[in-house]
Asks: 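I am attaching a structure below and will ask some questions about it afterwards.
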Amino acid sequence: ETGVTQSPTHLIKTRGQQVTLRCSSQSGHNTVSWYQQALGQGPQFIFQYYREEENGRGNFPPRFSGLQFPNYSSELNVNALELDDSALYLCASSLVGSGGTGELFFGEGSRLTVL
Amino acid sequence: RKEVEQDPGPFNVPEGATVAFNCTYSNSASQSFFWYRQDCRKEPKLLMSVYSSGNEDGRFTAQLNRASQYISLLIRDSKLSDSATYLCVVNADYNFNKFYFGSGTKLNVKP
């Protein structure tokens, strides 16, 4: 497998609540990206972290925020959950620079249901 | 307009058939191109990168047409195990990995 692990795998929240999703990147990778995949759609880029800083963001509101830690693991936080936030959240790690190809290695995802 | 557009399918083909998927992208400055495969309720996995000169990996051939801004994937001698959703992916920014995914094309290979 990819070596990228995500937790939790499934969770259910109610509208207005907050959620934190976690990701451990593959050993040797320095970049983590988060994607949202709604049913029947392709993954949508949320943001990317490189060297513990946000390094690019897609069209998501500020209530989507994240962190990257010194060990390159990462968290995705979503505040004030809305029904439309129900989706599979995918974390992808990659090696940028240092001869890396930039290929994305995905975790199995965290499936969030907002009621 | 979406950054990457694909025909959602499904493409229903018999084993042994040849099938082709296309996708178009909107940003002419896009730098790199890929096909990912996603099995039902699984994470996407890289199938192959797409180079300007075209490239082949076994039964799979990928082509890039920069002038028309489209990417193609050809699968020859389809196997049952090829049944999956194929995602066209474009990296629009050389400085960091901001990948745009198409919605995917579903392939069903039937016995």
Side-chain angles (χ1 to χ4, degrees), chain A residues 1-6 9-10 21 23 25-26 29-51 53-60 68 74 87-98 100-111 113, chain B residues 1-10 21-27 29-51 55 57 62 71 73 84-108:
Chain A
E1 297 302 331
T2 65
V4 180
T5 58
Q6 292 187 242
T9 54
H10 295 80
L21 308 178
C23 172
S25 59
Q26 186 176 93
H29 285 181
N30 56 14
T31 302
V32 174
S33 304
W34 285 92
Y35 288 80
Q36 180 196 65
Q37 187 173 24
L39 201 60
Q41 299 297 315
Q44 299 296 308
F45 177 74
I46 302 175
F47 42 55
Q48 178 186 82
Y49 278 83
Y50 174 70
R51 293 184 175 178
E53 291 192 1
E54 188 178 291
N55 182 38
R57 188 178 185 94
N59 295 325
F60 281 81
Q68 186 183 31
S74 178
L88 179 68
Y89 288 85
L90 293 161
C91 168
S93 77
S94 58
L95 177 61
V96 176
S98 303
T101 64
E103 177 184 345
L104 296 176
F105 292 84
F106 284 92
E108 293 188 355
S110 294
R111 191 167 296 278
T113 302
Chain B
R1 184 183 173 186
K2 290 184 179 179
E3 295 281 345
V4 181
E5 301 214 44
Q6 294 182 249
D7 180 346
F21 309 137
N22 293 325
C23 92
T24 58
Y25 60 94
S26 61
N27 187 346
S30 296
Q31 299 290 328
S32 49
F33 310 88
F34 310 87
W35 283 101
Y36 275 69
R37 171 193 168 129
Q38 187 171 27
D39 293 300
C40 188
R41 303 186 74 81
K42 294 286 192 178
E43 73 276 19
K45 292 183 180 177
L46 179 66
L47 177 67
M48 59 197 303
S49 301
V50 186
Y51 304 118
N55 49 301
D57 182 2
I71 306 154
L73 176 68
T85 295
Y86 291 83
L87 298 161
C88 177
V89 186
V90 172
N91 184 3
D93 192 310
Y94 184 76
N95 292 317
F96 70 97
N97 288 358
K98 184 175 182 179
F99 289 78
Y100 290 101
F101 283 73
S103 297
T105 298
K106 187 167 177 55
L107 172 65
N108 296 316

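Keep in mind that the numbers below use all heavy atoms, side chains included, and drop hydrogens, waters and symmetry copies. Chain identifiers are assigned alphabetically (A, B, ...) following the order of the sequence lines, protein sequences preceding nucleic acid strands; residue numbering begins at 1 within each chain. Predicted model only: the values in this text are computed from it and were never measured.
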Asks: Restricting to salt bridge (Lys or Arg N to Asp or Glu O under 4.0 Å), what partner residues turn up for Glu54(A), sequence neighbours left out?
Replies: Arg57(A)
Asks: Tell me which of these, Arg41(B), Lys106(B), Lys42(B), has more heavy-atom pairs under 4.5 Å with chain A than the rest.
Replies: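 So the answer, after comparing Arg41(B), Lys106(B), Lys42(B), is Arg41(B).
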Asks: I need the residue from Ala38(A), Gly58(A), Pro43(A) with the largest number of non-hydrogen atom pairs under 4.5 Å to chain B.
Replies: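 With the most close heavy-atom pairs to chain B, the winner is Pro43(A).
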Asks: Which region of Gln38(B), side chain (C-beta onward) or backbone (N, CA, C, O), has a non-hydrogen atom less than 4.5 Å from a non-hydrogen atom of chain A, or is it both or neither?
Replies: side chain
Asks: Ring centres under 6.0 Å, that's the criterion: do Tyr36(B) and Phe101(B) meet it?
Replies: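 Under 6.0 Å, so yes.
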Asks: Does the side chain of Asn91(B) pick up a donor-acceptor pair with the side chain of Gln31(B) at under 3.5 Å?
Replies: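 Judged by distance alone, the side chains do not pair up.
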Asks: Which residues satisfy the side chain to side chain contact (heavy atoms under 4.5 Å, CB included) test with Asp57(B), sequence neighbours excluded?
Replies: Met48(B)
